[in-house]
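These figures come from a predicted structure and were not determined experimentally. We name chains A, B, ... by the order of the sequence lines, and we start the count at 1 in each one.
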Protein chains: 2
Amino acid sequence: MGINIFDIAKEAEVSIATVSKVVNNTGRISDKTRKKVLEIIEKHNYTPNSLATALTGKFSYTLGLIIPNLANPFFGEIAKSVEDRARELGFSVMICSTDYDADREASYFTLLQKKRVDGVIILSGFEDQQTITRNLVKPNMPVALIARDIPTISINSVSIDDFVGGYEAAKHLIGLGHRRMGLIVENIRCAKERVRGFNQALEEHDLQLDESLVLLGEATVPNGKKLALQLLSGDEPPTAIFATNDLLAIGTIQAANEHGLKVPQDVSVIGFDNTMLATITDPPLTTIAQPMEQMGRQIVDLLVQELKGDVTHKQRIVLLPELVVRKSTGLR
Amino acid sequence: MGINIFDIAKEAEVSIATVSKVVNNTGRISDKTRKKVLEIIEKHNYTPNSLATALTGKFSYTLGLIIPNLANPFFGEIAKSVEDRARELGFSVMICSTDYDADREASYFTLLQKKRVDGVIILSGFEDQQTITRNLVKPNMPVALIARDIPTISINSVSIDDFVGGYEAAKHLIGLGHRRMGLIVENIRCAKERVRGFNQALEEHDLQLDESLVLLGEATVPNGKKLALQLLSGDEPPTAIFATNDLLAIGTIQAANEHGLKVPQDVSVIGFDNTMLATITDPPLTTIAQPMEQMGRQIVDLLVQELKGDVTHKQRIVLLPELVVRKSTGLR
DNA sequence: ATATTCAAGGAAAACGTTTAACTCCCTTCA
DNA sequence: TGAAGGGAGTTAAACGTTTTCCTTGAATAT
């Protein structure tokens, strides 16, 4: 179909080896020949077929990114930073959105293997991260984890200290005088870590979580609203609610409004992630910030290091989340 | 590195052609041989190298998507739907986020050609859509446009009728009794179409736009806020503001709040896009909805049809936007 | 004048598939 | 008994590169 190296070689009256050398700036080619070849390349708008290049060479210069849902701003920001950094390093990214479907997550992994990507970054949507654990038994390709972690296996990862995140959230609320808190928790391991951290802070202040105020569910705004409504209509409602991500927190604010409660006067709400959403709610959301951009960049660096063989030891990078105080939390 | 078809063939004591036929379910192979081959494939976890497959075959089964910024929910939703539909049709997607950088947009186009994607979907971030117009002079690959349109060239596209969108927005505001309106306009062609439509409705009601109330700028929340503040602090501020996308509209709501004005009592705000953001602002945003999911799916269908040679005539599909009334607009 | 070195470029193998054409060999049928 | 037919599998070319030797001819050194 398209023009290929033979066509160029023929028209320039040189061998394909010469063309290849001109294109890649390798070998020794006289200025005259180089110029002639370049002219013809220009004329036909020739670009080497990377499929063929990848087939001969060691790398395809393509990375895979498996992520639950691109339409979710948290994942979108991660995807963007991964793509940006990959590009800086000369890699393209094949992005795969699983829609929280475990089969799809697994089949994407296989697909990416077929496509001979040089490595895969996974942000699993599942508690047990099935894809990874299943596939890491016989990993024929570098894999790295972002924003999630599996403590038991040796794998490059960049994530945050979820425990500290939860701890900070609780500390903030306790500092504001809250004693009775509700939790809305996404059903994944890292969210549970956040709850553990939250509990730790509570214990240090001789407080105890009322287990009936801990609700689990899927991370969407409507679901956050539903669960928060449940929390707020109880006999003894909490004065503050910690939601393990911004979407749930936003649902919580909506629930409060609907229930006739003012945020933060009647009930404080604190989220997790610090996506752009946190800045546009009313009131703007106090939340625990994850460094999404940094995570994306660092995991790409780690993965590329690994696949280039630069580094022997795998790394587990743990970034620290930070409290961002806005207007959704206030004094008891 | 990995295991290949030769290894399988050798261990199964058959030729590589046989292995290939087993894998692809082509040709005639006895059940016995098939079973043996499959066993060995299973044992070694063999998957054919798609680079090689793509090299021999007609397709790479990969599409490219060039888009301004994945972190923006509008683009995220589009990217998701494109990816979803592509997957259903057996294609992977290479997503390229240009960050509104014209050079990057162009270089991504070249990159995708090199990678031998079967086709490219472009959502250009630029007024003149440089990449496309420049590259469509000699297009060696199917290209399709989403959410943007170039009236002068023959190319598959799915977009909305921006004129009607603007018209609907104006009609809504006029119906609520507004007579003096401000506009915050993104600097791209489609946004200007929206303004044209807006004007049309105005004219039909013998109203005229005060040109001093039409402000242009980049589509971000902070910028929307800045421009809206400008609008609202004028001598004779508008009673309603039409922003050509949700981000700008959200900035406008923030500006109103900051300026001590209530939305919608003191000033009405209407946006464009209907991203998830519109549901989480306070008040929830009245906006003109674009069918992002449908656009994504349809453009993939069109592109795949084109590259498979199913259809001869290119299509320009124009979807109609719809007014979604929420709480940010009210009676004058 | 001959040997040595070096710059410039070419030949061919390798990467991992698919596929058209072909070869066997076993049935079937007249 | 021999021809025809068809099932099962093989051979080899093709896809478009990169890269490792080679070859050639000219310049330089002795």
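Separating the NZ atom of A/Lys114 from the C1' atom of C/dT17 is a distance of 13 Å, rounded to the nearest angstrom. D/dT11 atom P lies 14 Å from atom CD1 of B/Ile5, rounded to whole Å. To the nearest angstrom, P of C/dT17 lies 9 Å from CZ of B/Phe6. The interatomic distance linking B/Asn25 (CG) with D/dG9 (P) rounds to 14 Å, in whole Å. In this structure, B/Arg116 places its CZ atom 20 Å from P of C/dT17, rounding to the nearest Å.
With hydrogens and angles left out, the side-chain atoms of A/Glu105 and A/Ser124 include a donor and acceptor closer than 3.5 Å. Using modelled atom types, one finds a donor on one side chain and an acceptor on the other under 3.5 Å when comparing B/Asp273 with B/Gln290. Between the side chains of A/Thr62 and A/Lys115, no donor-acceptor pair of N or O atoms lies under 3.5 Å.
Residues B/Val82 and B/Leu63 are not in side-chain contact: their nearest non-hydrogen atoms beyond the backbone lie 4.5 Å or more apart. Using a 4.5 Å cut-off on side-chain heavy atoms (C-beta onward), A/Thr47 and B/Thr110 make contact. Using a 4.5 Å heavy-atom cutoff, the side chains of B/Met94 and B/Ser60 are not in contact.
Axis orientation changes by 60° from one end of the helix from C/dA1-D/dT30 to C/dA30-D/dT1 to the other, with each end axis drawn from 5 pairs and the value rounded to 10°.
Legend: ring-ring contact (aromatic ring centres under 6.0 Å, His included) pairs involving residues 55-90 of chain A, not counting sequence neighbours, sorted by first then second residue: A/Phe59-A/Tyr61, A/Tyr61-A/Phe91.
When all heavy atoms of A/Arg316 and A/Ile150 are compared, the pair lying nearest together is NH1-O, 3.5 Å.
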Output a table of nitrogen or oxygen pairs between the protein and nucleotides 23-28 of chain D separated by less than 3.5 Å.
none

Tabulate protein N/O versus nucleotide N/O from nucleotides 9-13 of chain C, keeping only pairs under 3.5 Å, one per line.
unit_1 : atom_1 : unit_2  : atom_2 : d
C/dG9  : OP1    : A/Ser30 : OG     : 3.1
C/dG9  : OP1    : A/Thr33 : OG1    : 2.2
C/dG9  : OP2    : A/Ser30 : N      : 2.6
C/dG9  : OP2    : A/Ser30 : OG     : 3.3
C/dG9  : OP2    : A/Thr33 : OG1    : 3.4
C/dG10 : OP2    : A/Ser15 : N      : 2.8
C/dG10 : OP2    : A/Ser15 : OG     : 3.0
C/dG10 : OP2    : A/Thr18 : OG1    : 2.3
C/dG10 : O6     : A/Lys21 : NZ     : 2.6

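By the side-chain hydrogen bond (donor to acceptor under 3.5 Å, both in side chains) test, B/Arg297 pairs with B/Glu88, sequence neighbours left out.
For A/Asn4 and D/dC15, the shortest distance from a side-chain N or O to OP1 or OP2 is not below 4.0 Å.
Surrounding NZ of B/Lys36 are more than 12 heavy atoms belonging to other residues, nucleotides or ligands, all under 6.0 Å away.
Against DNA chain C, the stretch residues 48-64 of chain A makes heavy-atom approaches under 4.0 Å through A/Leu55, A/Thr56.
Ionic pairing of A/Asp99 and B/Lys80 is present here: one or more N-O contacts between side-chain nitrogen and carboxylate oxygen are shorter than 4.0 angstrom.
Test B/Gln315, B/Gln305, B/Glu306 against B/Asn156 for side chain to side chain donor-acceptor pair (under 3.5 Å) and you get one pass: B/Glu306. Checking each of A/Ser159, A/Ser157, A/Cys190 against A/Arg148 for a side-chain contact (heavy atoms from CB on, under 4.5 Å) leaves exactly one that passes, namely A/Cys190.
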